[in-house]
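None of the values given here were measured: they were computed from a predicted structure. So that the names make sense, note that chain A is the first sequence line, chain B the second, and so on, each numbered from 1.
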2 protein chains.
Amino acid sequence: MIARAASELGLELAAFVPYRLNRLAVGVSNHLSDIYRERFGLDVPAWRVMATVGSQHGCTAQYIAQSTRMHKTRVSRAIAHLEKRELIERAPSTADRREREVRLTKAGRRMYAELVPLVLERERDLLACMPREQLRGLLAGMEALETFLGLQD
Amino acid sequence: MIARAASELGLELAAFVPYRLNRLAVGVSNHLSDIYRERFGLDVPAWRVMATVGSQHGCTAQYIAQSTRMHKTRVSRAIAHLEKRELIERAPSTADRREREVRLTKAGRRMYAELVPLVLERERDLLACMPREQLRGLLAGMEALETFLGLQD
DNA sequence: CACAAATGGTTGCGCGCGCAACTTTTACGC
DNA sequence: GCGTAAAAGTTGCGCGCGCAACCATTTGTG
């Protein structure tokens, strides 16, 4: 414990991993949201709902909330907003009448089909800033943290 | 580009790096904020101001804003809040009377001295979930992304 | 079968954020 | 030096978020 005495005298925020991680997440999110915000008028919750419903047709709000780790009220409002824009539609579930099955409309599917390739291309562009081996290292480290924090799945 | 055709059919949010990064940042932030929130009654902006002022005595709000990448209004309100709690104090700068030099009070220095070791210990605990070499890989990858996005320093 | 507990989902409320506008002071251009 | 632009910092405003409370429905338990 003597070894870390020096680093405790002053905490350097710029070298502090939690801070760097947050700054990085914000930076990456901004880099990405250029696409779905300016180009398609989606904010973060709406984008996540679109992304989830696009691959899990007929899922419930509850499923979206768990899958995206967003608060259920945030999901509820994002869905309401997207429904008003006629990008998704809801039908009461036959099995459980508390639930409502969420689906993309025709316009929603069109947007999804246009949006996903652009977003994935952005991700590739971003990750192309480092060599393959380094990327593997980054992902492995992220996975370790996710496991430690009970986030992965 | 043929190789990625399959992955474009459906975007899996759980494997999407921007989303994972955001989730990770939130998780790490929560893991950390247990300390400064419940124990010291600080929220994220207040904690960042404390951390910055603690190592840069007499700095300005502008400096804090750049250093933490927070909006200047967010900084302004965090400072006002901390001043009300008498953890920091402000004195008009002699050189430039628009500025106000921000310093920790005696109580602020006491809290800082108590807080920083706990926070750094939390960081170490977190990073101890992976072997040393993997941590090096994670940090290298993060640095590459920071450079690419023009974030570092 | 009835009643309590739990679940899916929505809404009212308070709060904190970012934007824009503003005040005060300093720097720049001629 | 005077006037305009720019910078430090604060404040009013609208908005989106999370919390808690709520409604409707379903599940569990005696």
Side-chain angles (χ1 to χ4, degrees), chain A residues 19 22-23 25-27 29-30 33-34 36-38 41-50 52-53 56 58-85 88-103, chain B residues 19 22-23 25-27 29-30 33-34 36-38 41-50 52-53 56 58-85 88-103:
Chain A
Y19 170 70
N22 178 76
R23 190 181 58 176
V26 170
S29 177
N30 288 340
S33 69
D34 288 349
Y36 55 69
R37 189 170 42 84
E38 294 173 11
L42 301 176
D43 58 6
V44 173
W47 148 247
R48 288 183 182 167
V49 169
M50 289 291 292
T52 305
V53 177
Q56 290 292 328
C59 68
T60 67
Q62 183 61 22
Y63 175 85
I64 299 171
Q66 290 175 226
S67 168
T68 62
R69 289 192 121 78
M70 290 195 290
H71 197 274
K72 61 179 182 174
T73 62
R74 206 176 170 189
V75 174
S76 175
R77 282 155 182 154
I79 289 177
H81 189 242
L82 288 171
E83 196 177 26
K84 210 163 289 173
R85 285 186 61 185
I88 66 174
E89 57 191 359
R90 280 182 289 188
S93 169
T94 53
D96 187 335
R97 291 188 315 191
R98 290 172 301 182
E99 300 178 342
R100 309 178 68 177
E101 296 180 354
V102 183
R103 287 194 168 75
Chain B
Y19 169 69
N22 178 76
R23 190 181 57 176
V26 171
S29 177
N30 289 339
S33 68
D34 289 349
Y36 56 69
R37 189 170 42 84
E38 295 172 10
L42 301 175
D43 58 7
V44 173
W47 147 246
R48 288 184 183 167
V49 169
M50 287 292 291
T52 305
V53 177
Q56 290 294 328
C59 67
T60 67
Q62 182 61 20
Y63 175 83
I64 299 172
Q66 290 176 225
S67 168
T68 61
R69 290 192 122 78
M70 290 195 291
H71 198 274
K72 62 178 181 174
T73 62
R74 206 176 171 189
V75 174
S76 175
R77 282 156 182 152
I79 290 178
H81 189 243
L82 288 171
E83 196 177 26
K84 212 162 288 172
R85 284 186 62 185
I88 66 175
E89 57 190 359
R90 281 182 288 187
S93 170
T94 54
D96 187 336
R97 290 190 314 193
R98 291 173 301 182
E99 301 177 340
R100 310 178 68 178
E101 295 180 355
V102 182
R103 287 192 168 76

Next on the checklist: Given C:dG9, C:dG18, D:dT10, identify the nucleotide with an atom nearest to the side chain of B:Arg77.
Outcome noted: C:dG18
Checklist outcome for this item: Of the listed C:dG9, D:dC17, C:dT24, the closest approach to the A:Pro45 side chain comes from D:dC17
Next on the checklist: Does A:Thr60 reach a base, just sugar-phosphate, or nothing at all? Heavy atoms under 4.0 Å.
Outcome noted: sugar-phosphate
Next on the checklist: Distance criterion of 3.5 Å, no angle test: do you see the side chain of B:Arg98 paired donor-to-acceptor with the base of D:dA7?
Outcome noted: yes
Next on the checklist: Strictly below 4.0 Å: does A:Arg90 bring a side-chain N or O up to OP1 or OP2 of C:dT10?
Outcome noted: yes
Checklist entry - DNA chain D: A:Asp96 or A:Met70, which has the more 5' nearest nucleotide? => result A:Met70
Checklist entry - Taking atom P of D:dG16 as reference, at what distance in whole Å does atom CD1 of A:Ile79 sit? => result 16 Å
Checklist entry - From the list C:dC19, D:dC19, D:dT25, which nucleotide is the closest neighbour of the side chain of A:His71? => result D:dC19
Next on the checklist: Let's go through B:Glu83 and B:Arg90 carefully: what are the C-alpha distance in whole Å and the side-chain angles of both, what is the deciding distance for salt bridge (charged side-chain N to carboxylate O under 4.0 Å, His left out) to 0.1 Å, and is it a yes or a no?
Outcome noted: CA-CA 8 Å; B:Glu83 196 177 26; B:Arg90 281 182 288 187; 2.6 Å; yes
Checklist entry - Which nucleotide sits closest to the side chain of A:Arg97: C:dT10, D:dT26, C:dT11? => result D:dT26
Checklist outcome for this item: note: A:Arg37, atom CZ; C:dG18, atom P; distance rounded to Å ~ 14 Å
Checklist entry - Between C:dT10 and A:Arg100, is there an OP1 or OP2 to side-chain N/O distance shorter than 4.0 Å? => result yes
Checklist entry - Quick one: is A:Arg74 getting a side-chain N or O under 4.0 Å of the D:dC15 phosphate, OP1 or OP2? => result no
Checklist outcome for this item: What one should report as the nearest heavy-atom pair of B:Lys72 and B:Ala65 is CA-CB, 4.4 Å
Next on the checklist: Nearest whole Å is fine: how far is D:dG9 P from B:Tyr63 OH?
Outcome noted: 13 Å
Next on the checklist: Which heavy atom of A:Tyr36 sits nearest to which heavy atom of A:Val44, and what is that distance?
Outcome noted: OH-CG2, 3.5 Å
Checklist entry - Expressed in angstrom and rounded to an integer, what is the separation of B:Asn30 atom CG from D:dG18 atom P? => result 11 Å
Item to check | Distance below 4.0 Å between A:Ser76 side-chain N/O and C:dG9 OP1 or OP2 | outcome: no
Item to check | A:Thr73 side chain, from C-beta outward: closest of C:dT11, C:dG9, C:dG18 | outcome: C:dT11
Checklist entry - Atom CD of B:Glu83 to atom C1' of D:dG9: distance rounded to whole Å? => result 13 Å
Checklist entry - What are the two closest non-hydrogen atoms of B:Ser67 and B:Thr52, and how far apart are they? => result OG-CG2, 4.1 Å
Checklist entry - Is it true that a side-chain atom of B:Arg85 and a backbone atom of B:Gly41 form a donor plus acceptor pair closer than 3.5 Å? => result yes
Item to check | Nearest-angstrom distance from the residue atom NE2 of A:His81 to C1' of C:dT11 | outcome: 17 Å
Item to check | Atom-to-atom span, CD of B:Glu101 to P of C:dT25 - whole angstrom | outcome: 16 Å
Checklist entry - Could you state the NZ-P distance from B:Lys72 to C:dC17, rounded to the nearest angstrom? => result 16 Å
